[in-house]
Every structure is written in C-alpha cells, then in structure tokens.
Amino acid sequence: MRPIERLTVVDLDAKQVVDISDKGGSIPIPKATNTDYRYSTSQELRRVNPISIEQPKGPSFTVEDGHLVKWANWEFHVKPDARAGVIISQARVRDPDTGDLRDVMYKGFPSELFVPYMDPSDGWYFKTYMDAGEYGFGLQAMPLDPLNDCPRNAYFIDGVFATSDGTPYVRSDMICVFESYGGDIGWRHTESLITGMEVREVRPKVTLVVRMAASVGNYDYIVDWEFQTDGLIRVKVELSGILMVKGTPYENMNQVFDGEDLYSTLLSENVVGVIHDHYITFYLDMDVDGSDNSFVKVNLQRQQTSPHESPRKSFLIATRTVAKTEKDAQVKLKLYCFGLRPQLE
C-alpha cells in the first residue's frame with residue numbers, strides 16, 4: 001500500500017467534493033518497490049509441494065436440506081448471515097450410553113469486531129472500526145478457494161442476502177464444511193510392561209470445521225467453528241491480509257528524535273504501521289442439557305494442612321462458585337483460540 005497521507009476529503013453525501021484539507025505536503029508517497037505480495041510477482045517466496053488429505057470412503061459428515069450438519073456424535077444447524085457471517089445453532093451431541101441427543105448450544109455467532117487505531121493525529125483519530133456492524137462479515141465474505149481455503153471433500157454453502165433496495169443476490173461458496181486432520185493425537189494409552197498386557201490404542205484427532213473468510217478492507221478474517229468428538233466446541237479467528245499503513249517523512253529510525261511518539265512502528269522507507277488491536281466478541285447462548293442450568297467457575301486455591309495431619313504443608317483444592325450475574329461469570333481468556341467444553345452428566 002502507498003498511502004497519500006493527510007489528504008482528507010470532507011462530506012461526500014451530496015456526491016460532490018465540498019472541501020479538501022491537504023496537510024501532508026512534507027510526507028512523500030512511499031515507493032512501490034517490493035510492495036506486490038502476489039506469488040506470480042515474487043522471486044523470493046518458495047512454494048511448498050501440494051498437499052492433500054485423501055478420504056477413500058468419502059467424508060464422514062452429511063448435510064441435510066443445505067443447513068443441517070450431522071457428523072460423528074454431533075448435529076447442528078449452519079446459517080449464513082449478513083452481519084455475523086456464520087450462525088451455529090441447535091448444536092447437540094449424542095449420548096453414547098442412551099443414544100439420545102443432548103443440547104449443548106442454542107446459538108453462537110460473532111457479535112462484533114472492534115478495531116481501534118491509536119493515533120490521535122488529524123487524519124487518524126477517528127479510525128475506529130466496527131467490522132461486523134458497519135461492514136458485515138457476511139456481506140464482506142468472499143468465495144472460498146477449493147483446495148486452498150478448504151481441503152478436498154469440503155461441502156460448500158452459498159449465502160443469499162439483499163442489497164439496500166431489497167434485491168436478492170447470492171454469495172457463492174461463502175461457507176465450507178470439512179473434516180480436518182493435522183497429524184495430532186486425539187487419545188492414546190499403552191499399558192505398562194509390568195502388567196504383562198500388550199495393549200496399545202491410539203485414536204487420531206479428526207475434527208469437523210465450519211469455515212468462512214471475510215475480506216474487510218485490508219484485513220482478512222478466517223472464522224472457524226471446530227467440533228471435536230469429545231464434546232468440545234472450539235472457536236478460532238485467524239487474521240490475515242495486509243496492514244493499513246501510514247505515510248511518514250522518516251526512512252529509518254535514526255531520523256526520529258528522542259522522545260518523539262510515532263504512535264506506530266516503522267515498517268519500511270516512509271511507511272509505518274499504526275498501533276491498533278482487534279477485539280472480537282461472541283454471542284453464545286449455551287443450553288447444556290437444556291436452559292435450566294448455571295454457569296460454574298472452578299478455581300484452584302492453596303489449602304494449608306493442619307499440624308501433624310500430613311508430611312505435606314499445603315495442597316490445592318478446587319472451589320466452585322455459581323455465577324449469579326454476568327459480571328460474576330467473567331473469565332479472563334488467553335489471547336489465542338479458546339474452547340467451550342460442556343459438562344454433560
């Protein structure tokens with residue numbers, strides 16, 4: 001990207017240029033050298049050999065009526081949505097003992113993705129984006145590329161939306177459903193040799209993935225709903241694409257005065273990447289064995305032993321707290337993908 005900095009066009013509602021504020025005369029337009037990221041124009045990027053996962057008997061999942069997905073012990077509904085992109089609803093898992101389908105999640109989807117840029121200057125202070133609400137994950141979803149975005153034997157789902165005047169249109173191949181295997185182990189155990197039992201069992205970790213990719217301006221968001229055979233639902237959001245960059249008069253950090261705050265990181269000659277973050281929130285309506293349930297937080301606490309009770313001085317105990325309000329249920333999550341594991345009894 002080659003930004004023309006501090007050139008601001010004001011008020012285009014009347015489809016006329018009302019005013020132009022040009023305050024970037026001292027900031028040169030960055031050079032175009034080495035800015036094309038495509039494989040066809042790069043001499044340095046080395047492609048790996050093609051890889052493909054074969055399924056001689058075909059996929060293990062089925063899709064009924066274009067939306068109802070059945071796989072292993074899972075059953076759920078997939079819906080393309082203009083704002084959320086993908087809505088997963090009525091997710092249920094089959095009890096291996098009774099054969100009954102047990103409720104896990106009534107509905108789940110990304111509710112918003114907030115992207116604030118931390119530059120208070122004239123041309124950047126207002127850049128705080130609501131990528132789902134303002135642009136729409138579904139409206140910005142791009143057709144998925146077979147064998148690159150989704151592997152062999154993937155099932156593709158189209159999205160049908162309406163324009164501002166109500167005209168319907170089709171977003172083809174917006175969602176794909178596929179089985180994923182990356183060489184991981186789902187479960188294993190080998191009996192110790194001292195037992196005299198030659199028992200070893202290993203189960204590969206195969207999961208079912210529902211994927212979509214939204215190209216919102218310069219960024220691409222890949223949203224995966226991953227279902228595991230152990231009852232876990234994993235939501236993963238990957239960020240790709242290119243940075244939104246800003247022009248600068250500096251070509252190297254030696255030109256920056258001590259104490260000067262660029263609100264950014266120098267990436268190349270006359271190009272900086274402004275400090276920002278991506279905050280994604282999810283709507284999760286969990287119905288573990290129905291709606292009559294509670295959210296329980298379990299924390300580990302140190303417990304001292306009584307005098308002469310044990311050679312140990314302390315141990316850990318699990319304390320369970322039933323959340324009475326949404327604030328009580330707040331959990332600090334890690335910055336990477338997280339899993340939702342319902343406790344079915």
Side-chain angles (χ1 to χ4, degrees), residues 1-3 34-39 42 45 47-48 78 80-88 108-119 124 126-151 154 159 171 173-178 180 182 184 207 209-227 232-246 262-268 271-284 331-340:
M1 299 178 69
R2 305 178 64 199
N34 297 326
T35 59
D36 197 334
Y37 55 83
R38 292 172 296 179
Y39 264 130
S42 175
L45 292 176
R47 295 196 185 198
V48 297
V78 178
D81 183 79
R83 173 173 174 147
V86 176
I87 295 179
I88 303 294
F109 58 86
S111 59
E112 191 52 83
L113 202 157
F114 176 51
V115 187
Y117 284 81
M118 303 301 173
D119 189 333
W124 281 79
F126 56 87
K127 294 189 178 183
T128 53
Y129 299 100
M130 300 284 190
D131 283 350
E134 293 179 336
Y135 299 97
F137 269 7
L139 299 180
Q140 303 300 319
M142 297 294 118
L144 297 170
D145 186 12
L147 301 184
N148 290 317
D149 283 323
C150 310
R171 182 72 75 193
D173 297 342
M174 170 184 161
I175 301 170
C176 71
V177 183
F178 61 91
S180 176
D184 296 326
T207 62
V209 179
V210 179
R211 171 174 294 171
M212 67 147 290
S215 297
V216 186
N218 52 301
Y219 280 114
D220 288 49
Y221 298 100
I222 301 97
V223 182
D224 284 355
W225 288 86
E226 186 174 9
F227 296 82
L232 185 141
I233 303 175
R234 187 182 302 275
V235 187
K236 182 171 65 176
V237 180
E238 296 184 52
L239 183 62
S240 188
I242 55 180
L243 287 173
M244 178 185 291
V245 296
K246 176 185 177 181
L262 298 179
Y263 315 110
S264 54
T265 300
L266 187 67
L267 303 176
S268 183
V271 177
V272 295
V274 176
I275 296 172
H276 66 286
D277 211 333
H278 301 253
Y279 300 92
I280 186 166
T281 58
F282 280 84
Y283 174 96
L284 299 172
V331 177
K332 186 176 181 180
L333 299 172
K334 296 180 181 179
L335 294 179
Y336 48 86
C337 58
F338 62 94
L340 302 172

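The figures here come from the full heavy-atom set of this structure, side chains too, leaving out hydrogens, waters and symmetry mates. Sequential numbering from 1 along the given sequence is applied to the chain's residues.
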task = Indicate the atoms forming the closest heavy-atom contact of T128 with Y117, along with that distance.
result = CG2-N, 4.3 Å
key: Distance, nearest 0.5 Å, that separates CZ of F114 from CD of E134   = 9.5 Å
ask   = CD1 of I87 to CH2 of W225: how many Å apart, nearest 0.5 Å?
value = 10.0 Å
Exercise: identify the closest heavy-atom pair between S180 and V209 = CB-CG2, 3.9 Å
task = Mind listing the closest non-hydrogen atom pair of L266 and V271 along with its distance?
result = CD1-O, 3.4 Å
Contact check, side chains of S240 and I222, non-hydrogen atoms, under 4.5 Å = yes
key: Partner residues of Q140 under the side-chain hydrogen bond (donor to acceptor under 3.5 Å, both in side chains) criterion, sequence neighbours left out   = none
query = Are side-chain heavy atoms of K127 and D119 found at a separation under 4.5 Å?
reply = no
request  = Using a 4.5 Å cut-off on heavy atoms from C-beta on, say whether the side chain of Y221 contacts that of E238.
outcome  = no
message = Contact between Y263 and I275 at the side-chain level, heavy atoms closer than 4.5 Å - yes or no?
response = no
request  = With the side chain counted from C-beta on, respond yes when V78 and M212 share a heavy-atom pair under 4.5 Å apart, and no when they do not.
outcome  = no
key: Any donor-acceptor pair under 3.5 Å from E112 side chain to A132 backbone   = yes
key: Short side-chain to backbone donor-acceptor contact, R211 and D149, under 3.5 Å   = yes
task = Mark yes or no for whether D81, through its side chain, and A84, through its backbone, hold a donor-acceptor pair below 3.5 Å.
result = yes
Contact summary for L267 and V245, nearest pair of heavy atoms = CD1-CG1, 3.9 Å
task = Could I get the full list of side-chain hydrogen bond (donor to acceptor under 3.5 Å, both in side chains) partners for T281, not counting sequence neighbours?
result = S111
ask   = If you look at every heavy atom in C150 and A154, which pair is closest and at what distance?
value = CB-CB, 3.8 Å
key: Gap between atom CG of L144 and atom CZ of R171 - 0.5 Å precision   = 11.0 Å
key: side-chain contact (heavy atoms from CB on, under 4.5 Å) evaluation trace for K246 with L262   = CA-CA 10 Å; K246 176 185 177 181; L262 298 179; over 6 Å; no
request  = For the residue pair V210 and V86, establish whether any side-chain heavy-atom pair is separated by less than 4.5 Å.
outcome  = yes
inquiry  = Minimum heavy-atom separation for G138 and M174, please, with both atom names.
reply    = CA-CE, 3.8 Å
key: Counterpart residues, side chain to side chain contact (heavy atoms under 4.5 Å, CB included), relative to M142 (two or more places apart)   = S215
query = Once you round to the nearest 0.5 Å, how far does CD of E226 lie from CG of L232?
reply = 8.5 Å
task = Enter the distance from D131:CG to Y219:OH here, rounded to the nearest 0.5 Å.
result = 10.0 Å
query = Can you check whether Y129 reaches M244 side chain to side chain, under 4.5 Å on heavy atoms?
reply = yes
key: Side-chain touch I88/F227, heavy atoms, less than 4.5 angstrom   = yes
